[in-house]
Amino acid sequence: MIYQKSLLCISISLLLASASERIYADDIEHIEIRAERMASDLNSIARNVSVIDEEMLNTQFSSAQNIAEVLAKTVPGMAPPTPALTNFGTTLRGRNALVLIDGVPMNTNRNISRDLHNLHPSQVERVEIFRGGNALYGSGATGGVIYIYTKSGQEETAATSSVELKNGAFMLSQSLSGQVNDWLYRVAGSYERVDSFSDAEGDRLAVEPSQGDTFDSDIYSFDIKVSKSWDQQQLSMSLLSYVLEQDTDFASDPSIKNLPYINKAQSIKGLQLDKQNQINNLVFNIGYQNQLTEQHALTANLYYRDYDARFAPFDGRPFATWNHLAQTYLESSNFGAKLTVNSQLNDTIELDWGVDLQDERSEMPVTTYDGEVYDNSGFLVFKETGDKAFVPEISHQTSAAFFQVRAELTSEFGLEGGVRTERIDASFDSFNTLGKNIAISGSSYEYDSTVYNLGVTYDINDSHTVYAAFNEGYELPDIGLQIRYASSQFDLSQSSLKPIESYDREIGWRGEIGAFDFSAAYFISESDLGRVKSEGMGLSVSRNEVEIDGVELTSAWDINQDLSAEFSYSKINGDEKAQNADAFQQMNGFSVPPSKLTAQLNYDISSEWRANLTLMRSGEKDYRINAKNAFGRREVTSYTIVDFNSQLELEQGVLTFGIENVFNKQYFPVYSQLQRNGNNTSSIPGRGRTFSMKYTYNW
């Protein structure tokens, strides 16, 4: 059987996602949500959660490139995977998700949509996905929370070496863990060389010209974690580093731009660009836990994050707000602290309360290039002409307080509710805009947001539960998106920069009949103000009213002790109404994905040999308005992908084998069909049949 659990702010939902842990009924009480502020078991579920453990991750990684692809292929309500180095368009229930690594937020106010690309698969131990709006961790989770756990040390000394071959490229990793003087430790590192890939027709995939990709990249990761427990206390310290550096000679051939839609992007050799797609993510985290009394426990975190990322160049010369051939990059730092106190008031009432503090500084300069050299080279040679400001340094200082109550009213009824209030001080210094060289005076602004949650569950009997929930979430708008195109009168106190506040309602049911588990949920998410949208390359900015609703269905069947099957289906609809408009129109495909069906067949061939077959079908949908193509508004056709994964435990290690796209299907992902950069150069097919083999040796 597959169960999913959760506990967050308050929504009370339970959908058994295709990627959750499999257990038998007698073991239900042993499955727990581990995230602080959400610790729970299946007897106190208050939110819909998918749990992907290390075993499932190791299996799925053999037919995927990163954690973003694993989640997009398996989690209900999440958009299908993209071919680019981005989670742009990979929404959760039609909205953005907040990504946390060991509790540290990966989002930045200058939203660059790389939150799921900031650590290596070898560093991941477990993922918990909380679907639906909430505010327990602050801004950014209008669609949900993706909580990623990194691996920790263990008492027994162990060393692990891994080598993986995939499509002609390779990955090497080494880890060492154990105990020294009551300190548990883990030290690990990896190096991966990512090669190019081919589509099902045998053609090299073109590089993604808008958000970038990982073709011809070197990826380095390093992590160290130590912890010590004594007298009902625990102290842990960790350092995580992830570096991606691309160095390719290929570009997307511009000659196909004017061909009819949809012609696939083509690779062309001869690119000369010194600075290419890049990610540097460094996170230092200190955690402290103290069981103060039998009824009260304290958890505290202090963290620092240093982050920078570079993108592909963009020819903005035709647009007055750019007026340059330029390449953006982000530089960001984030210092934060969290404090949570859990109090067991009596046998039936539990209280969580605490405070959060955060100071984020980010800026986005550009590297400019010689347009004449670029044009004369056939759009392949980039000669630097210097760096300029694009988005100045923006300061975000936040302080928040929250409390959350959970109560068992009777043996059948459970109740949960809470509130979070947050204040944000934002400011930026004076600068000149990139395109029109307009002098913008620095300014500051104070935001505040208070959000609530409430939910109830009712156990009809031991096998069936129904629930209803109301949740509010919020998300700060991307200030940099508007500053970079600002007029001389711009001031942060403009009303278009108010936070997004979402209002979610959900009803659902979960049940068990013999060897079958089922769940169903219907949700509605509304907000008076949507995300800040830059239209016409910054010539106008709008905040649309948004209405989203959807359904998620899951089922699991333990056919016998060795064979099980899992299914999920999600369908989301979204409408928005522009300012001063009379009627709603459907949202574009980058916001609300087509329907998605997933299925998994798991077979334990023996106690040492497991096999998994995974199917994902993305549905069709016409996002056009009046049959006219626009950004994110094209007719999307359906496609089905099947992956195979197998693990064999050997005497001294584990052999993993994977086949992505088993039937070598030629298809275009939703992201490619929507054409992120507006023409065929971003119409990149999915990867054709791809083999991988990994051997892990346990010393």
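Small disclaimer: the values here were computed from a predicted structure and weren't measured. Numbering starts at 1 and runs along the sequence shown.
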Is there a donor-acceptor pair under 3.5 Å between the side chain of [X] and the backbone N or O of [Y]?
X: Lys269; Y: Asp249; answer: no
X: Glu192; Y: Ile219; answer: no
X: Glu360; Y: Asn109; answer: yes
X: Thr690; Y: Gly688; answer: yes
X: Asn167; Y: Ser196; answer: yes
X: Thr321; Y: Gly435; answer: no
X: Thr368; Y: Gly386; answer: yes
X: Asn664; Y: Ala200; answer: yes
X: Gln586; Y: Asp622; answer: yes
X: Asn111; Y: Ser113; answer: yes

Heavy-atom closest contact ([X] atom, [Y] atom, distance):
X: Pro209; Y: Ile684; answer: CD-CD1, 4.4 Å
X: Val546; Y: Arg95; answer: CG1-NH2, 3.7 Å
X: Gly378; Y: Pro254; answer: O-CG, 4.4 Å
X: Ala265; Y: Ile256; answer: CA-CD1, 3.3 Å
X: Ser395; Y: Arg361; answer: OG-NE, 3.2 Å
X: Thr142; Y: Gly473; answer: CG2-C, 4.2 Å

As an exercise, state the distance from [atom1] of [X] to [atom2] of [Y], rounded to the nearest 0.5 Å.
X: Lys577; Y: Asp528; atom1: NZ; atom2: CG; value: 10.0 Å
X: Ser683; Y: Gln266; atom1: OG; atom2: CD; value: 10.5 Å
X: His120; Y: Asn281; atom1: NE2; atom2: CG; value: 13.5 Å
X: Ile148; Y: Leu240; atom1: CD1; atom2: CG; value: 10.0 Å
X: Thr108; Y: Asp478; atom1: OG1; atom2: CG; value: 7.5 Å
X: Lys665; Y: Glu660; atom1: NZ; atom2: CD; value: 15.0 Å

Student check: side-chain heavy atoms of [X] and [Y] closer than 4.5 Å:
X: Val127; Y: Ile146; result: yes
X: Phe428; Y: Ser443; result: yes
X: Thr150; Y: Asp223; result: no
X: Ile129; Y: Val145; result: no
X: Ile548; Y: Arg93; result: no
X: Asn573; Y: Val592; result: no
X: Tyr307; Y: Arg114; result: yes
X: Gln358; Y: Tyr303; result: yes

[X] and [Y]: side-chain donor and acceptor closer than 3.5 Å?
X: Gln246; Y: Asp213; value: yes
X: Glu384; Y: Thr367; value: no
X: Asn677; Y: Ser210; value: no
X: Ser527; Y: Ser502; value: no
X: Thr248; Y: Gln276; value: no
X: Asp115; Y: Asn107; value: no

**Worked check of salt bridge (Lys or Arg N to Asp or Glu O under 4.0 Å) between Asp199 and Arg687** = CA-CA 5 Å; Asp199 62 19; Arg687 294 186 292 268; over 6 Å; no
**Message:** side chain to side chain donor-acceptor pair (under 3.5 Å) for Ser682 and Gln675? Distances and angles first, verdict last.
**Reply:** CA-CA 5 Å; Ser682 64; Gln675 294 192 334; 5.5 Å; no
**Message:** Any salt bridge linking Arg310 with Asp308? Criterion: basic side-chain nitrogen under 4.0 Å from a carboxylate oxygen.
**Reply:**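 No, Arg310 and Asp308 are not salt-bridged.
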**Candidates Glu331, Glu363, Met364 - the one meeting side chain to side chain contact (heavy atoms under 4.5 Å, CB included) with Arg110** =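 So, applying the side chain to side chain contact (heavy atoms under 4.5 Å, CB included) to Arg110 and each of Glu331, Glu363, Met364, only Met364 qualifies.
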**Request:** Verify the ring-centre separation between Phe379 and Tyr374: is it less than 6.0 angstrom?
**Result:**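 When the ring centroids of Tyr374 and Phe379 are compared, they turn out to be within the sub-6.0 Å range.
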Which label fits [X] and [Y]: parallel for a plane angle under 30°, tilted from 30 to 60°, or perpendicular past 60°?
X: Phe390; Y: Tyr485; answer: perpendicular
X: Phe88; Y: Phe631; answer: tilted
X: Tyr667; Y: Tyr639; answer: parallel
X: Tyr447; Y: His396; answer: parallel

**Item:** Gln211/Tyr671 under side-chain contact (heavy atoms from CB on, under 4.5 Å): CA gap, chis, key distance, verdict
**Value:** CA-CA 11 Å; Gln211 298 293 291; Tyr671 177 96; 3.2 Å; yes
**Item:** Thr385/His324 under side-chain contact (heavy atoms from CB on, under 4.5 Å): CA gap, chis, key distance, verdict
**Value:** CA-CA 11 Å; Thr385 56; His324 287 78; over 6 Å; no
**Request:** Kindly determine whether Phe490 and Gln482 satisfy side-chain contact (heavy atoms from CB on, under 4.5 Å), including the steps that lead there.
**Result:** CA-CA 9 Å; Phe490 180 83; Gln482 188 166 2; 3.7 Å; yes
**side-chain contact (heavy atoms from CB on, under 4.5 Å) evaluation trace for Phe311 with Ile112** = CA-CA 10 Å; Phe311 298 85; Ile112 64 170; 3.6 Å; yes
**Message:** Within a 6.0 Å radius of atom CG on Asn258, are there more than 12 heavy atoms belonging to other residues, nucleotides or ligands?
**Reply:**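 Open.
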**Item:** Residue Gln585 excluded, over 12 heavy atoms near CD under 6.0 Å
**Value:**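 It does: Gln585 CD has more than 12 such atoms within range.
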**Pair Arg676-Glu208, salt bridge (Lys or Arg N to Asp or Glu O under 4.0 Å): steps then yes or no** = CA-CA 9 Å; Arg676 175 63 174 81; Glu208 208 288 319; over 6 Å; no
